[in-house]
Amino acid sequence: MLDPKLFRIDIEKTAELLAKRGFKLNTEQLTVLEEQRKAIQIKTQELQSQRNTRSKSIGQAKARGEDIQPLLAEVSQLGDDLEAAKVEQTQVLQSIDDILSAVPNLIHDSVPQGESEDDNVEIKRWGTPREFDFEVKDHVDIGTALDKGLDFEAGAKLAGTRFSVMRGPIAKMHRALAQFMLDIHSEEHGYQEMYVPYLVNHNSLFGTGQLPKFGEDLFHTELANKKFSLIPTAEVPLTNLVRDEIVDEADLPIKMVAHTPCFRSEAGSYGRDIRGLIRQHQFDKVEMVQIVKPEDSLTALEQLTGHAETILEKLELPYRTVVLCTGDIGFSSTKTFDLEVWLPAQNTYREISSCSSFGDFQARRMQARFRNSETKNIELLHTVNGSGLAVGRTLVAVIENYQQADGSINVPTVLQPYMKGLTNIK
RNA sequence: GGUGAGAUGGCUGAGUGGUCGAAAGCACCGGUCUUGAAAACCGGCGAGGGUUUAUAGCCCUCCUAGAGUUCAAAUCUCUAUCUCACCGCCA
């Protein structure tokens, strides 16, 4: 949610900034609504003020033992007027809110202009893709052959398409990856390890921006009167920890990491990445979240992106880092770095982490604030998060990059302690 | 699942229909005192919104949330959520 004042003070400039990301703001409509809002709001408050004074005078008249009948009639009429004004006000405010809640965040100046993902700018490339002297197989062929270490038929039987089952050493390596990441971030990068709910309420989803606009991307449950949704990322529970809080400035920055399953409906992605582990309804992810002071958010984003890169480097997986252009960046984000890992079977780099700064966009929705000791004011925090990393996709990358001619998979050195010293899966 | 008790400002905690945005204490901020600090004393101190050049005034809203009764609700009624206690069940 953007600051509503941006639409009052200089709506044309705001529209210009939004146009950068291809969002067309209906300025005429908003300007009209804004005029209506101002008029009706002033009128409503005026009526409320009158009613308050009159009501008080009734109390005083009564205390003096005077006849209050004439006063009662007068206030009754006021009440009717007020009721009507309130109805009108609610409608106008709702219309404005409907528009504003669909307006994306403003993009940071440093973000490159572009139309689509083709215009994202690569800013870093690490590692050299390995040369293979045999025919490269993809993770599905390798994993399925290894005693059904990856089993998509079983996943389909149990749940449906886009679900999978892992067995034996593959399942163990999946677990090892998550634990390895969690350990590095909590022990070397200064994040507090967290355990959080996988089902959250709608307030939480609104806070981080999944609702109201992206509800169809989620799995929802309803039990009696309780409405929960499965988290699409640990960003939701972790970030909402500061919702409706005034955080102590001394506690900033707050750095948290959690390993959770994530659930996404993948509505609208029929036919895409239908093979393998790349796009599943359920996948594991290690997520980092930072809650920071406004002036620190860009630095925090770069730092956090570096933390995600560290994992890939320790696993010795070649990757590149790109800045998402104005046409590809997410709704709530002000700047995003994607990490893309090399997948030999696809002969390309594929997204494995997405790190974003949201400025105060999420914080405003959440009313997540701190008291600034310099200005003495209560101010909105900034939120930053990123995957460090998507565990399922990391498993894919390890299987494909570490595959051997005989169909076995070498275990990355840093993972071996997590697998009882196992060096090769066959 | 059953029964009962609760939910008030950063925290603790008064307040049962009108003068309550709300006592008091703590915390915090400013001052006096002090070589400095502490203590003591004096003063200030909730949030959101509107209007406005204004973080000046003025006004509106907010005592978990939502509905209701009333001229008037922190206070009365209903519903929901959450917390605590005891019982039952359970990984």
Side-chain angles (χ1 to χ4, degrees), chain A residues 1-11 30-31 33-97 100-101 195-207 211 221-229 237 240-252 254 291 294 360 363-381:
Chain A
M1 189 82 72
L2 291 177
D3 186 347
K5 289 207 170 81
L6 290 173
F7 301 97
R8 296 180 195 157
I9 295 169
D10 197 347
I11 189 168
L30 255 184
T31 307
L33 280 169
E34 179 53 32
E35 281 169 15
Q36 290 176 357
R37 188 224 100 229
K38 190 163 172 173
I40 191 64
Q41 189 158 4
I42 290 173
K43 183 181 173 190
T44 305
Q45 293 188 356
E46 178 59 30
L47 284 168
Q48 279 175 324
S49 180
Q50 283 181 28
R51 187 205 55 187
N52 289 347
T53 27
R54 291 303 150 83
S55 283
K56 273 182 190 170
S57 69
I58 288 177
Q60 288 161 353
K62 213 174 168 185
R64 289 193 299 266
E66 296 169 9
D67 179 18
I68 58 170
Q69 277 311 317
L71 282 169
L72 284 180
E74 188 186 349
V75 178
S76 175
Q77 177 59 44
L78 259 180
D80 292 345
D81 294 348
L82 179 58
E83 197 58 35
K86 266 189 179 169
V87 168
E88 193 183 337
Q89 178 181 241
T90 306
Q91 281 173 355
V92 174
L93 287 178
Q94 186 62 49
S95 304
I96 293 178
D97 193 57
L100 293 198
S101 61
Y195 173 82
V196 293
Y198 303 157
L199 287 164
V200 293
N201 59 35
H202 288 188
N203 280 343
S204 296
L205 290 164
F206 178 82
L211 290 182
T221 72
E222 187 165 355
L223 185 68
N225 294 316
K226 297 173 186 236
K227 287 188 177 180
F228 296 121
S229 303
N240 274 280
L241 247 13
V242 292
R243 191 179 78 224
D244 295 321
E245 299 283 338
I246 298 175
V247 176
D248 194 339
E249 190 178 21
D251 292 338
L252 298 172
I254 297 172
I291 311 294
D360 60 15
R364 183 171 293 104
R365 297 167 86 95
M366 291 190 297
Q367 283 301 294
R369 299 163 295 169
F370 74 106
R371 189 175 292 279
N372 188 320
S373 59
E374 281 176 38
T375 64
K376 308 288 183 200
N377 290 326
I378 289 175
E379 298 176 8
L380 291 170
L381 289 158

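The model shown is predicted, which means the values in this text are computed figures rather than measured ones. Within every chain, numbering begins at 1; the chains are lettered A, B, ... in the order of the sequence lines, protein sequences first and strands thereafter.
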Side chain to side chain contact (heavy atoms under 4.5 Å, CB included) for L2(A) and F7(A)? Distances and angles first, verdict last.
CA-CA 9 Å; L2(A) 291 177; F7(A) 301 97; 3.9 Å; yes
Whole-Å gap separating C1' (rA47(B)) and CZ (R243(A))
17 Å
Across nucleotides 65-76 of chain B, 5' to 3', mark each nucleotide with B, S or - according to how protein heavy atoms within less than 4.0 Å reach it.
------BS----
Quote, to the nearest angstrom, the C1' distance that separates rG46(B) from rC26(B).
15 Å
Interatomic distance where CD belongs to Q45(A) and P belongs to rG48(B) [whole Å]
16 Å
Partners passing salt bridge (Lys or Arg N to Asp or Glu O under 4.0 Å) against R371(A) (at least two apart in sequence or in another chain)
none
For R369(A), what residues pass the salt bridge (Lys or Arg N to Asp or Glu O under 4.0 Å) criterion, not counting sequence neighbours?
none
Counting distance only, does the side-chain N/O of S49(A) pair as donor-acceptor with the main-chain N or O of Q45(A) below 3.5 Å?
no
Once you apply a heavy-atom cut-off of 4.0 Å, does N201(A) come out as touching a base, just sugar-phosphate, or nothing?
nothing
Which is more 5' along RNA chain B, the nucleotide nearest I378(A) or the one nearest S49(A)? Just name the residue.
I378(A)
Residues two or more places apart in sequence or in another chain: which of them pass salt bridge (Lys or Arg N to Asp or Glu O under 4.0 Å) with R54(A)?
E74(A)
Taking any strand in view, what nucleotide pairs with rA74(B) in a Watson-Crick or G-U wobble way, both distances under 3.5 Å?
none
Residues forming a salt bridge (Lys or Arg N to Asp or Glu O under 4.0 Å) with E249(A), sequence neighbours excluded:
K293(A)
Between the protein and nucleotides 51-55 of chain B, which nitrogen or oxygen pairs are less than 3.5 angstrom apart?
residue: rU51(B); atom: OP1; partner: R37(A); partner atom: NH2; Å: 2.9
residue: rU52(B); atom: OP1; partner: K38(A); partner atom: NZ; Å: 3.4
residue: rU52(B); atom: OP2; partner: K38(A); partner atom: NZ; Å: 3.2

Between rA39(B) and rU34(B), how far apart are the two C1' atoms, rounded to whole Å?
11 Å
Spacing of L82(A) atom CG relative to rC59(B) atom C1', expressed in whole Å:
14 Å
Atom C1', compared across rU70(B) and rG17(B): separation rounded to whole Å
9 Å
How far does the C1' atom of rA24(B) sit from the matching atom of rG15(B), given to the nearest Å?
11 Å
Heavy-atom side-chain contact between R51(A) and L47(A) under 4.5 Å
no
Find the distance I246(A):CD1 to rA47(B):P and express it as a whole number of Å.
7 Å
Would you mind reading off the distance between Q36(A) atom CD and rG50(B) atom C1', rounded to a whole angstrom?
17 Å
Taking the side chain as every heavy atom from C-beta outward, state whether E35(A) and V92(A) have any pair of such atoms under 4.5 Å apart.
no
Taking only the C1' atom of each, what is the distance from rG2(B) to rG88(B) in whole angstrom?
8 Å
Length of the line joining E46(A):CD and rC58(B):C1', which is rounded to integer Å:
11 Å
Atom NZ of K43(A) and atom C1' of rC59(B): how far apart are they, to the nearest Å?
17 Å
Separation of rA27(B) atom P from R371(A) atom CZ, nearest Å, is 17 Å
Could you give the distance separating rG21(B) and rU8(B) at their C1' atoms, to the nearest angstrom?
11 Å
